[in-house]
Every structure is written in C-alpha cells, then in structure tokens.
Amino acid sequence: MTEEKEEKQKNSPEPPLVFVHDVTPYYFDDLREIVAVLDEYNYSNRTVLFVIPVFDPDHYGDEWSLRNHPDFVEYLHELQMRGYRVELHGYGHTYHEFNCSYETAKEKLDNATAMMTSLGFGNLTLFLPPAWALNNESLKAILEHNLTVVTPDWLIFPNGTRQRIWNREYTWYIERNEVEGRLSVALHDYRKAIEEGIPFYLSVHPGVINYGGGLEFLREFLDTVCRPEKS
C-alpha cells in the first residue's frame, strides 16, 4: 500500500452506524430484505437491531411476543453471531410507551430485560424509546437499568452525561422518484456531521423502508459512504 493510500485511509471517517427500529417477528420478511442489502456491504458490524420484546400487545396480545416465535429468535442469534448488535426498543412499542411514570417505566424495563435475557440477549446497553417519547421519570428508570438512551440529537449515558449525535431517518415511505433528492440531503448531513465531529447514525424502519425507493436509497447511501472517494 502506498503512503498516499495509507494517509487517505487514516483520514477517512468510519462509516456511520445504521439503526434498525421495530425489530419484531411482525416484520420478519421486511427485516430479511433490509439485512440482504446491509450484507451486500458487509455492514453487520455497523448495524444495531432495536428489538421489541412483545409487539403492540394492546392490539395483538402475545401474538408477536418473541417467546412465541423461536424461528425469529434463532434468526436474531444468527445475525448476532455475524456481528449485528441486538439492543432494546421499548417493551410493547405502544403509543408513547415511555411517556409514563417511573414505576410504569421500571416495570416495563424489568419485563423487557428479563425476557431478552431469558432468550439469550443479555448485556443490553442501548435503549431507543418508541416514538422518541420520554419524560424525566421514565428517563430516570432507563438510566438506572444501566442503559444508554438514543434520541435524534443525543446519547444520554447512565451517569446522566450526554453526547451530541446526528440520528435521522430519510426513508419514510419515499417514492422511487424521491431517492436522488433524499440521498443528496442525507449525504449533505453526513458530511456536515463529519466536519463538526458529530457521530452520524442512519435510522430505518422495516415495512417503511421496504416501500417504494427505500431499499434503493439504503443501497445508494451505503455504496457512497463505504467508498469515501465517491462522497
């Protein structure tokens, strides 16, 4: 390797993390499609899967509980063995689930972490609140569970300190003819975050990104950030 290439690699920023929200058996087929694109770019080690232990029990009861879908749990373990990171996305992902009292948040977190641990997903470190909804009481309960909270603008660590981040979603039901425009915005934001020394994270939702031009956007975005000379 030449000195020039070594210098370019040294100065090139690490590609951003991808956050996959709403990881649940309900979106099994959609998740497989997302993973197929990520695998094209060997992106497993830079992807976080935010799992819902019991998806929307208000409407479905236990139908989409991880306990009732051992095939999905096995798939998550396979992904984890390949480098994908499994973390926590609420308990039931009901509307503004963690805009609640300390006691309610603690109970949900106790249930969520107990279930995840029993299924082989211990040592959770990140918590992404459904719909970004939090209050001071629920935040206290989350931090007491030794979880770092992910928001669009901050990482909030268990000791209460914060780190500025740029965490955005660009694939919310986009049409195919919108891919180029959204990609331009995302890459502009990515470059700006790099210039300001702010970690950049790309959030996606299964089902949503599988619509229209979403997966095409993801492929084009990864193709660019994984090849710094293109960006």
Side-chain angles (χ1 to χ4, degrees), residues 13-24 31 34 38 43-55 66 73 76-77 79-170 189-190 193-194 196-206 225:
E14 285 192 339
L17 295 185
V18 173
F19 289 162
V20 184
H21 300 223
D22 295 2
V23 176
T24 161
L31 180 61
I34 296 168
L38 293 166
Y43 223 73
S44 59
N45 289 316
R46 302 205 62 77
T47 301
V48 183
L49 306 174
F50 284 98
V51 177
I52 305 168
V54 184
F55 178 62
L66 293 180
V73 172
L76 290 183
H77 278 295
L79 293 180
Q80 193 176 50
M81 289 178 64
R82 293 203 281 117
Y84 287 88
R85 184 172 171 182
V86 172
E87 297 290 355
L88 192 61
H89 188 30
Y91 176 61
H93 200 284
T94 52
Y95 180 71
H96 284 196
E97 180 177 35
F98 278 82
N99 185 16
C100 61
S101 68
Y102 171 87
E103 291 75 18
T104 299
K106 183 179 183 305
E107 180 181 5
K108 287 180 179 289
L109 287 164
D110 287 345
N111 291 337
T113 54
M115 179 184 291
M116 294 293 284
T117 299
S118 72
L119 295 173
F121 303 109
N123 301 317
L124 299 170
T125 60
L126 298 177
F127 181 86
L128 196 157
W132 309 120
L134 289 171
N135 59 41
N136 289 336
E137 289 192 30
S138 61
L139 177 61
K140 181 174 183 287
I142 298 165
L143 299 182
E144 285 180 358
H145 277 74
N146 204 33
L147 295 168
T148 295
V149 178
V150 180
T151 78
D153 300 308
W154 301 96
L155 293 179
I156 308 173
F157 298 101
N159 64 5
T161 62
R162 300 183 178 218
Q163 178 185 358
R164 180 80 169 88
I165 63 172
W166 185 273
N167 173 24
R168 296 292 186 273
E169 184 166 13
Y170 302 89
D189 293 345
Y190 174 56
I194 290 171
E196 296 180 5
I198 299 171
F200 181 98
Y201 304 135
L202 180 73
S203 278
V204 303
H205 281 79
V225 301

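Counting begins at 1 with the first residue of the sequence.
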Backbone of Thr113 reached by a side-chain donor or acceptor of Thr117 within 3.5 Å: yes
Going through the checks in order, is the side-chain contact (heavy atoms from CB on, under 4.5 Å) test met by Leu109 and Ile142? CA-CA 7 Å; Leu109 287 164; Ile142 298 165; 3.6 Å; yes
Separation of Leu124 CG from Leu147 CG (nearest 0.5 Å): 6.5 Å
As an exercise, state the distance from CD1 of Ile165 to CD of Gln163, rounded to the nearest 0.5 Å. 7.5 Å
Are Val150 and Leu155 close enough that some pair of their side-chain heavy atoms sits under 4.5 Å apart? yes
Taking side chain as C-beta onward, heavy atoms only, is Pro152 less than 4.5 Å from Arg168? yes
Val20 and Leu31, any side-chain heavy atoms less than 4.5 Å apart: yes
His77 meets the ring pair (Phe, Tyr, Trp, His ring centres under 6.0 Å) criterion, sequence neighbours left out, with Phe121
Kindly indicate whether the side chain of Ile52, heavy atoms from C-beta on, has any atom under 4.5 Å from the side chain of Val23. no
Quick check: closest heavy atoms across Phe50 and Leu88, and the distance to 0.1 Å? CD2-O, 3.5 Å
Hey, are the side chains of Pro158 and Thr148 touching, using non-hydrogen atoms and a 4.5 Å cut-off? yes
Full working for side-chain contact (heavy atoms from CB on, under 4.5 Å) between Met115 and Val54: CA-CA 9 Å; Met115 179 184 291; Val54 184; 3.6 Å; yes
Please report the interatomic distance OG(Ser138) to CG(Asn99), rounded to the nearest 0.5 Å. 6.5 Å
Side chain of His89, backbone of Leu128: donor and acceptor closer than 3.5 Å? yes
Distance under 6.0 Å and angle within 45° of the ring axis: does Lys108 meet both against Tyr91? no
Does the Thr151 side chain pair with the main chain of Trp154, one donor and one acceptor, at a distance under 3.5 Å? yes
Any pair with a residue in residues 125-145 that passes ring pair (Phe, Tyr, Trp, His ring centres under 6.0 Å), sequence neighbours left out, goes on the list, sorted by first then second residue, please. His21-Trp132, Phe98-Phe127
Who are the salt bridge (charged side-chain N to carboxylate O under 4.0 Å, His left out) partners of Glu137, not counting sequence neighbours? none
With a 6.0 Å cut-off (strictly less than), is the heavy-atom count around OH of Tyr95, excluding the residue itself, greater than 12? no
If you count the non-hydrogen atoms of other residues, nucleotides and ligands that lie under 6.0 Å from CG in Asn136, is the total more than 12? no
Does Gln80 reach the main-chain N or O of Leu76 with its side chain, forming a donor-acceptor pair under 3.5 Å? no
Check salt bridge (charged side-chain N to carboxylate O under 4.0 Å, His left out) between Arg162 and all other residues, then give those that pass, not counting sequence neighbours. none
CA sep, side-chain torsions, deciding dist, call: Leu134, Val149, side-chain contact (heavy atoms from CB on, under 4.5 Å): CA-CA 10 Å; Leu134 289 171; Val149 178; 3.7 Å; yes
Go through Tyr102 and Glu107 one step at a time and tell me if the side-chain hydrogen bond (donor to acceptor under 3.5 Å, both in side chains) criterion holds. CA-CA 9 Å; Tyr102 171 87; Glu107 180 181 5; over 6 Å; no
Keeping the roles fixed (side chain from Glu87, backbone from Leu126), state whether a donor-acceptor pair exists under 3.5 Å. yes
Evaluation steps, side-chain contact (heavy atoms from CB on, under 4.5 Å), between Arg85 and Thr47: CA-CA 6 Å; Arg85 184 172 171 182; Thr47 301; over 6 Å; no
Rounded to the nearest 0.5 Å, what's the gap from CG on Asn111 to CE on Met116? Could you check? 13.5 Å
Tell me, please, which residues at least two apart from Tyr201 pass ring pair (Phe, Tyr, Trp, His ring centres under 6.0 Å). Phe19
Exercise: identify the closest heavy-atom pair between Leu66 and Val73: O-CG2, 3.5 Å
Measuring from atom CG of Asp189 to atom CG of Asn167, what distance do you get when rounded to the nearest 0.5 angstrom? 11.5 Å
Roughly how far apart are Leu38 CG and Asn45 CG, rounded to 0.5 Å? 11.5 Å
Keeping the roles fixed (side chain from Asn135, backbone from Cys100), state whether a donor-acceptor pair exists under 3.5 Å. yes
Validation row: Leu79, Leu49 side chains within 4.5 angstrom (heavy atoms): yes
How far apart are the closest heavy atoms of Ala133 and Pro129, and which atoms are they? O-CB, 3.8 Å
Looking at every heavy atom in both Pro16 and Arg46, which two are closest together, and how far apart are they? O-NE, 3.8 Å
Hey, are Asp153 and Arg164 close enough for a salt bridge, meaning a charged N less than 4.0 Å from a carboxylate O? yes
Can you name the residues that form a ring pair (Phe, Tyr, Trp, His ring centres under 6.0 Å) with Tyr170, not counting sequence neighbours? none
Could you tell me which non-hydrogen atom of Pro53 sits nearest to which non-hydrogen atom of Gly90, and how far apart they are? CD-O, 3.3 Å
